Structure formats: structure tokens, C-alpha cells
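Structure first, then comments.
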Amino acid sequence: MTPTFHLTDQQMYDLLQPAGNEPAHLHLQTCTDCQAELTNLRESLLNFRDATTSLAAVAAPRYPPLASRAATWFFGAKVWAASFATATAVLAISISVFHPIHSRPGTDTAATTSIPQAALAVESDDALLDGIQQDLSTSIPPSLEPLAVPTASSETSTQN
Amino acid sequence: MTTALIDAPAIPSSSTHEPLPATLSSIETLHDLYAGRIFRFLLASLRDRDAAETLTQETFLRAWTARDQFRGDCSAATWLTRIALNLARDHTRTNRFRFWRQVAQTAVQAEDLAAHLPQKGTSTEASLIAHEQLALVWKSVAKLSERQRTVFLLRFVEELELADIATITGLPISTVKTHLYRSLATIRSQHAQSSSKTRKETV
């Protein structure tokens with residue numbers, strides 16, 4: 001059955017507002033059906049609002065203040081960064097201890113099996129150092145060369 | 001200008017166009033003032049506690065990151081509600097939400113709402129009538145389209161002015177009114193059907 005309304009939806013909406021609607025008010029004074037419907041509708045909407053508000057108030061999570069949350073985050077980030085730095089340092093130390101980059105002569109057993117290569121490496125190192133020394137010596141201008149030993153010059157002068 | 005149906009709780013009026021504070025302490029104040037209201041709107045819209053809680057936090061996070069874009073041409077409450085509404089729309093459009101809504105343990109049912117009905121009348125009959133009225137509105141709201149539901153909740157639960165609802169939804173005031181009348185028509189229809197059914201049962 002299709003329900004019959006005495007008041008339009010707009011009039012009913014206006015009646016739900018405190019200001020109301022003049023023609024609708026006039027109809028309402030003479031129509032008990034609309035009076036009952038308006039009362040029912042108003043109560044329903046009030047109940048819905050009150051219950052929703054009450055439920056939301058109960059169900060709402062209790063958050064700590066934002067500032068303290070931000071402080072917690074900042075402190076947490078600091079702790080995390082410190083932990084990360086410590087872990088990295090420990091990892092680096094353990095790598096350097098258990099996996100030495102340069103083998104030490106005399107302690108490495110594998111070095112005994114490859115003596116010729118080691119000797120060659122030492123030889124080439126010496127040659128490299130000599131080369132560097134030579135380059136440095138030639139690049140020094142004569143004015144910056146070490147002074148002659150004074151005793152030698154005095155000897156020559158006395159000889160004259 | 002329309003006025004509120006019921007006295008609003010201790011929440012600042014949405015009509016006051018206060019500037020959005022930029023400092024952390026001010027955003028904290030903003031959160032303390034409006035988190036309850038945003039949560040209520042999202043809970044009524046989504047009918048899921050977890051989703052409402054997540055999106056409430058997301059609303060304030062978005063507001064905080066986009067605070068420079070706030071021009072102050074509406075109230076902070078209106079701006080926050082608009083962000084919340086956009087988030088709720090994005091959320092409801094995902095298939096994940098449609099699926100989990102059916103099985104979510106945090107989904108709000110009509111009985112949950114009924115448990116929070118104010119005990120105005122002491123008689124059992126008054127209590128039963130109140131439960132029935134609430135169930136009818138609950139059922140009717142579920143039948144509304146997304147826009148009708150949003151407009152209905154903003155007017156009859158949040159008690160916002162039509163101009164604020166228009167700002168939040170991005171709709172003209174005339175369209176907001178149309179949605180309100182249609183939502184009211186759905187609720188009236190449900191009430192009328194229920195009344196005629198009750199009359200038939202008693203005859």
C-alpha cells in the first residue's frame with residue numbers, strides 16, 4: 001500500500017526546524033495524522049542522533065595528545081638511529097677482525113705456498129718506492145735542496 | 001537561517017571562521033576539539049569502528065600536511081569534515097571495503113546503536129517504541145544513496161547549517177535541500193509502512 005502524506009517532504013522538513021512553516025503549521029493544527037507523524041519523526045531523529053553520539057563517545061579511541069605523540073616519535077626515532085649506528089659499528093668491527101683485508105706475512109699459512117709471488121710483490125713494492133723517491137728528488141728545485149755540510153766547507157777554507 | 005534541532009555538545013560552532021593554527025600545539029588543540037566529531041561522522045557514515053578510527057587519524061594527518069592550503073574561507077570543522085568525507089568516499093569505493101564490511105568484527109549493527117539509546121522513558125512500551133524508531137531510521141539511512149546519506153547525517157546528526165553542508169559536499173544549497181527532502185521521504189515511507197503493518201497486526 002502506498003502511504004498517503006498530508007504534508008510534503010519539504011513542509012515536513014521545515015516543521016522539523018524550530019522556525020517551522022506557516023501553512024504547514026496551519027495544517028498541523030487540524031490534522032491529527034500529521035501531528036502524530038511529526039512527533040514520531042522528531043522522536044526518531046532525536047533518538048538516532050543521541051544514540052549515534054553516545055555510541056561514538058564510547059567507541060572513540062582515547063588518543064594521547066599530539067604533542068606527546070610527536071615527542072614519542074622523535075624519541076623513538078633517536079633510539080632507533082642510535083641502535084642502527086651501534087649495530088653498524090659492531091658489524092664493521094666483526095668484519096675487520098674475522099676477514100682481514102691484508103694478509104700478514106708469517107701468520108698466513110697460504111703465504112708459504114706462494115713464496116715466488118710474494119717475493120715478486122715485495123720486489124715490485126721496493127721498485128715502486130724507489131721510483132717515488134726519485135720523482136720527489138727531481139721535482140725539488142735547487143734552492144730547496146739540503147744545505148751542504150758546514151764542516152766540509154770550513155775544511156776547504158782552511159786548506160786555502 | 002536554520003538552527004539546530006538539539007543542543008549540540010560542547011563543540012565549537014562550525015559557523016565561526018577561526019583560522020587554522022600552524023603550530024604543533026595548535027593542531028593538537030584542533031585534534032582535541034574536533035576528533036570526536038569527525039569520528040562520529042565517520043562512524044555513522046561507514047558503520048565500522050576500525051575504519052572510522054583509521055580515517056579519523058588520516059583526516060588529521062592530511063589536515064596537518066595540507067595546512068598551508070587552508071585559506072580560512074570556511075571553519076576548521078568544515079574543512080576537516082570535507083577531508084573526512086573525501087577519505088570516506090575513497091574508502092567505500094574500494095572492493096576491499098565492500099568485502100570486509102560484511103565480516104568486520106568492528107562493524108556497527110543496529111543493536112549496538114540501540115544499546116546507547118537514552119533512557120528517557122521508564123516504561124517498557126516507551127523503550128520498545130524508541131528501539132523500533134531507531135531501527136527504522138537505521139534501516140532507512142542504509143537505503144539512502146551515498147550523497148543523500150552524507151547530507152542527512154551532516155544535517156540531522158552533526159546539525160550543520162545548509163551552507164556548511166554545501167561547502168563540505170561541494171554541492172549547491174538547492175541540491176543539498178533536494179537530498180534532504182529525498183532522504184526524509186525515504187524515512188517517512190519506512191515509518192508509514194511500519195505503521196500500516198502494525199495496524200494490520202493489531203486489527
Side-chain angles (χ1 to χ4, degrees), chain A residues 1-22 24 27-28 31-75, chain B residues 1-6 9 24-25 27-32 35-37 39-44 49 52-53 56-57 60 64 106 108 112-118 120 129-134 136-138 141 153 156-159 177 180-182 184-185 187-189 191-193 195-196:
Chain A
M1 183 185 126
T2 309
T4 307
F5 302 127
H6 299 274
L7 291 171
T8 65
D9 297 323
Q10 185 174 347
Q11 285 174 322
M12 192 58 84
Y13 173 79
D14 289 341
L15 283 169
L16 286 166
Q17 314 306 315
N21 175 303
E22 193 59 33
H27 173 80
L28 207 61
C31 182
T32 51
D33 285 349
C34 285
Q35 281 174 19
E37 190 190 0
L38 180 64
T39 307
N40 190 19
L41 210 51
R42 186 172 278 154
E43 282 177 3
S44 300
L45 293 172
L46 284 172
N47 282 335
F48 182 70
R49 186 193 181 278
D50 287 349
T52 305
T53 302
S54 175
L55 174 67
V58 171
R62 298 284 174 262
Y63 301 112
L66 279 180
S68 65
R69 260 180 287 153
T72 308
W73 180 87
F74 181 67
F75 181 71
Chain B
M1 190 175 101
T2 55
T3 49
L5 286 170
I6 318 161
L24 184 67
S25 59
I27 198 80
E28 183 188 20
T29 308
L30 201 70
H31 180 273
D32 291 344
R37 184 184 199 148
F39 177 76
R40 181 176 62 188
F41 170 66
L42 288 168
L43 186 70
R49 285 190 194 91
E53 186 181 337
T56 301
Q57 287 297 285
F60 284 92
W64 172 243
T106 53
V108 179
D112 301 327
L113 202 62
H116 291 275
L117 262 174
K120 286 175 186 168
I129 290 170
H131 274 72
E132 194 186 348
Q133 286 171 336
L134 185 68
L136 277 171
V137 177
W138 179 263
V141 170
L153 292 173
F156 288 104
V157 177
E158 299 305 322
E159 298 194 321
K177 280 183 180 173
L180 274 173
Y181 300 152
R182 284 181 185 164
L184 203 57
I187 290 165
R188 288 181 79 187
S189 174
H191 275 76
Q193 283 175 18
S195 300
S196 64

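Chain letters run A, B, ... following the sequence lines, proteins first, then strands; residues in each count from 1. FYI, side chains are in, hydrogens and waters are out, and symmetry mates aren't considered; it's all heavy atoms of this structure. Note that the coordinates shown come from a computational prediction; the quantities given were computed from them, not determined experimentally.
Summarising the geometry, atom CG belonging to A:Leu7 is positioned 6.5 Å from atom CZ belonging to B:Arg188; distances are rounded to the nearest 0.5 Å. If you take OH on A:Tyr13 and CG on B:Leu180, they are separated by 5.0 Å, rounding to the nearest 0.5 Å. Here CG of B:Leu134 is found 10.5 Å from CG of A:Leu45. Values are rounded to the nearest 0.5 Å. Put simply, CG on A:Asn47 and CD on B:Glu132 are 12.0 Å apart, with the number rounded to the nearest 0.5 Å.
Between A:Thr52 and B:Leu153, every side-chain heavy-atom pair lies at or beyond the 4.5 Å cut-off. Two residues are said to be in side-chain contact when any heavy atoms from C-beta on lie closer than 4.5 Å; B:Leu43 and A:Leu55 meet this criterion. Within the 4.5 Å cutoff, the side chain of A:Asn40 has heavy atoms near those of the B:Gln133 side chain.
A side-chain donor from one of B:Arg40 and A:Thr53 sits under 3.5 Å from a side-chain acceptor of the other.
Closest of all the heavy-atom pairs between B:Tyr181 and A:Asp9 is O-CB, 3.6 Å.
For B:Leu136, no part sits under 4.5 Å from any heavy atom of chain A, backbone or side chain.
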